[in-house]
Amino acid sequence: MTLQECYEKLGGDYAAVSARLPSEKFIQKYVLKFADDKTMELLESSFAGGDYDEAFRAAHTIKGMCQNLGFARLEESSSALTEALRGGKSPGAGELYEKVQKDYRQTADAIREYKSGL
């Protein structure tokens with residue numbers, strides 16, 4: 001699997017990120033780092049524990065990483081969750097949280113598949 005195919009699988013915008021970042025090697029480096037990042041674990045533990053301020057910060061961090069890397073699908077869902085958690089948990093946050101979990105799994109799975117072919 002190529003990096004571009006990985007982006008297609010995870011619902012990302014490879015063309016946009018490659019226009020912004022200096023090289024495929026640079027993009028690859030940060031895509032692989034994303035798979036090892038612990039922010040999703042923080043989001044899950046914070047949300048489950050009712051610490052919505054910390055869950056907000058984690059969702060916001062995921063959104064930012066996705067914006068930088070062009071992970072459009074996960075960016076969209078994490079952005080919606082960020083807004084639902086701004087100032088505390090709002091109605092609908094649970095469904096948005098589940099969507100982020102699903103999108104994150106798809107993203108992480110695509111990155112792992114890409115990494116296994118290197």
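Position 1 is the first residue of the sequence, and the numbers go up from there.
Among residues at least two apart or in separate chains, ring-ring contact (aromatic ring centres under 6.0 Å, His included) pairs with a member in residues 4-24 are Y7-Y14, Y7-F71.
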Return a table of donor-acceptor pairs under 3.5 angstrom between the side chains of residues 48-58 and protein atoms on other chains or two or more places apart.
unit_1	atom_1	unit_2	atom_2	d
D51	OD1	E54	N	3.1
E54	OE1	R57	NE	3.3
E54	OE1	R57	NH2	2.9

Which donor-acceptor pairs under 3.5 Å do the side chains of residues 29-39 make with protein atoms, sequence neighbours left out?
unit_1	atom_1	unit_2	atom_2	d
D37	OD2	T39	N	2.8
D37	OD2	T39	OG1	2.4

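For the residue pair N68 and R20, the shortest heavy atom distance occurs at O-NH2, 2.7 Å. The two atoms that bring A110 and M1 nearest to each other are O-SD, 4.0 Å, heavy atoms only.
Within a 6.0 Å radius of CD in Q67, other residues, nucleotides and ligands contribute more than 12 heavy atoms.
Annotation: side chain of S18 is in contact with side chain of I27 (closest heavy-atom distance under 4.5 Å).
Applying the salt bridge (Lys or Arg N to Asp or Glu O under 4.0 Å) rule to D109 yields the partners R112; only residues at least two apart in sequence or on another chain are considered. Evaluation of the salt bridge (Lys or Arg N to Asp or Glu O under 4.0 Å) rule for E113 yields K9 as partners, not counting sequence neighbours. Applying the ring-ring contact (aromatic ring centres under 6.0 Å, His included) criterion to Y114, with sequence neighbours excluded, gives no partner residue.
Here the side chain of R73 pairs no donor or acceptor atom with the backbone of T107 at under 3.5 angstrom.
Checked against I62 for a side chain to side chain contact (heavy atoms under 4.5 Å, CB included), the options S77, S78, S79 give a single hit: S78.
Under a hydrophobic clustering in which Ile, Leu, Val, Met, Phe, Trp and Tyr are joined whenever their side-chain heavy atoms come within less than 4.5 Å, directly or via other members, V100 and M65 fall into the same cluster.
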